[in-house]
Amino acid sequence: MSHTGRRSTIESLSNPLVKRMRLLREKRHRRAEGLFLAEGLRIATEAREAGILPLWLFLGPEGAAHPLTQALIEATLAGGGEVIDTTPAILSKLSGKDNPQAIVAIYAEPKTALSDLDREAAPIWLVAERLRDPGNLGTMLRTGDAVGAGGLILLDDVTDPYAVEAVRASMGAIFTQALVQARWDEFLPWLRGGPGQLVATWLDGAEDYQAVRYAAPTFILIGNESQGMPEAYAAAADVRVKMPMMGKADSLNAAVAAAVMAYEVLNQRRAR
């Protein structure tokens with residue numbers, strides 16, 4: 001980190017740090033920097049409460065008075081970060097929004113591998129294959145947080161989980177849920193190296209999702225939004241389940257399907 005534990009003021013749109021951080025809206029720059037951007041006091045507070053502090057904290061003129069903002073400022077400075085008082089125009093430039101929130105925070109991207117996960121730390125894990133929509137990804141993280149899941153495992157070619165849209169949709173859950181990106185041929189051997197029931201959402205020959213007894217830890221596998229998952233992936237699962245579709249639609253939104261499944265697993269555990 002180039003600046004540590006200090007407070008400064010930036011009011012120029014041409015400031016080098018502003019120019020550098022503005023580029024974090026683009027995936028290739030996030031990858032190159034190992035950084036990502038989050039907007040708003042709520043998400044930054046969720047991060048602080050999870051023990052994760054920003055490297056840079058940009059504050060608009062109306063944002064600093066809130067007690068939670070003061071707590072965030074103090075924690076950021078104590079953690080060696082830089083607090084930057086700035087203008088709405090700069091916040092807009094950073095966030096890409098005409099009406100930006102009063103806080104934009106820059107975080108280091110965590111590097112979590114499958115081998116870092118403790119699968120027995122939580123009874124539920126979400127697994128998404130070739131997920132394309134950042135809103136769905138963020139919503140899955142939020143669902144995982146709600147049901148006490150351990151995290152979200154992203155398989156194969158997925159949308160960037162650290163895109164501003166995904167971070168925003170997660171409502172802070174990107175800081176409370178483990179997040180791993182892996183290939184299927186890495187994930188399956190890892191899964192079979194320990195306990196874990198792999199449950200695939202599938203149509204052909206699948207069981208009703210409420211007829212199955214789920215065993216912890218349960219790994220809920222959701223396929224691509226438009227194509228579903230490859231047949232080989234479903235075949236490798238311990239059980240294939242489907243949800244009843246009473247109308248004309250033949251499938252649910254991927255994030256909705258994940259939520260329905262996660263709550264079924266949770267409810268079975270609560271009923272025991």
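Along the sequence shown, residues are numbered consecutively beginning with 1. Since this is a predicted model, take the numbers as computed values, not measurements.
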Starting from the C-alpha separation in whole Å, work towards a yes-or-no answer on side-chain contact (heavy atoms from CB on, under 4.5 Å) for F58 and E82. CA-CA 9 Å; F58 289 85; E82 182 175 6; over 6 Å; no
Any chance you could lay out the ring-ring contact (aromatic ring centres under 6.0 Å, His included) test for Y162 and Y107, step after step, and finish with the verdict? CA-CA 10 Å; Y162 298 102; Y107 295 90; over 10 Å; no
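Contact check on D85 versus R7 returns a salt bridge, with a Lys/Arg side-chain nitrogen under 4.0 Å from an Asp/Glu carboxylate oxygen. Checked for salt-bridge contact, E109 and K111 meet the test: a charged N lies under 4.0 Å from a carboxylate O. Salt bridge present: E39 and R168 bring a charged side-chain N and a carboxylate O closer than 4.0 Å.
Looking at R269, its side chain never comes within 3.5 Å of a backbone N or O of A216 through a donor-acceptor pair. Formation of a donor-acceptor pair under 3.5 Å by the T86 side chain with backbone atoms of I10 is found in this model. Side-chain atoms of R30 come within 3.5 Å of backbone atoms of R25 as a donor-acceptor pair (strictly under, hydrogens ignored). Side-chain atoms of D208 do not come within 3.5 Å of backbone N or O of M243 as any donor-acceptor pair. Side chain of W125 to main chain of R119: a donor-acceptor pair is present (N/O by atom type, distance under 3.5 Å, no hydrogens or angles). Under a 3.5 Å cut-off, the side chain of W190 and the backbone N or O of L114 do form a donor-acceptor pair.
Counting only heavy atoms from C-beta outward, the side chains of M261 and T201 approach each other to under 4.5 Å. Under the 4.5 Å side-chain criterion, counting only non-hydrogen atoms from C-beta, L37 is not in contact with M21. Taking the side chain as every heavy atom from C-beta outward, L221 and L198 approach each other to under 4.5 Å.
A donor-acceptor contact closer than 3.5 angstrom links the side chains of S226 and N224. With no hydrogens or angles considered, no side-chain donor-acceptor pair links Y214 and D238 at under 3.5 Å. Side-chain atoms of Q227 and R130 form a donor-acceptor pair, as typed in the model, at a separation below 3.5 Å. At a cut-off of 3.5 Å, with distance as the only test, a side-chain donor of Q268 or E264 sits close to an acceptor on the other residue.
Contact between A173 and L141 at its shortest, heavy atoms only, is CB-O, 3.3 Å. Smallest separation of non-hydrogen atoms from I43 and G172: CG1-N, 3.7 Å.
For the side-chain hydrogen bond (donor to acceptor under 3.5 Å, both in side chains) with N253, the qualifying choice from D133, N136, T139 is N136, the only one to do so. Here the options are L126, I153, I124, the test is side-chain contact (heavy atoms from CB on, under 4.5 Å), and the partner is F219; only I153 passes.
The local environment of CG in D116 is crowded, with over 12 non-hydrogen atoms from other residues, nucleotides or ligands closer than 6.0 Å. In the displayed structure, E11 atom CD is contacted under 6.0 Å by at most 12 heavy atoms of other residues, nucleotides or ligands. The environment of CZ in R28 is sparse: at most 12 heavy-atom neighbours from other residues, nucleotides or ligands sit within 6.0 Å. Applying the 6.0 Å contact sphere to CG of D118 captures more than 12 heavy atoms from other residues, nucleotides or ligands.
To the nearest 0.5 Å, the span separating CG on L24 from CG on L35 amounts to 5.5 Å. Taken from CG in D160 to CD in Q181, the straight-line distance is 7.0 Å, to the nearest 0.5 Å. Atom CE of M140 is separated from atom CD1 of I220 by 10.0 Å, given to the nearest 0.5 angstrom.
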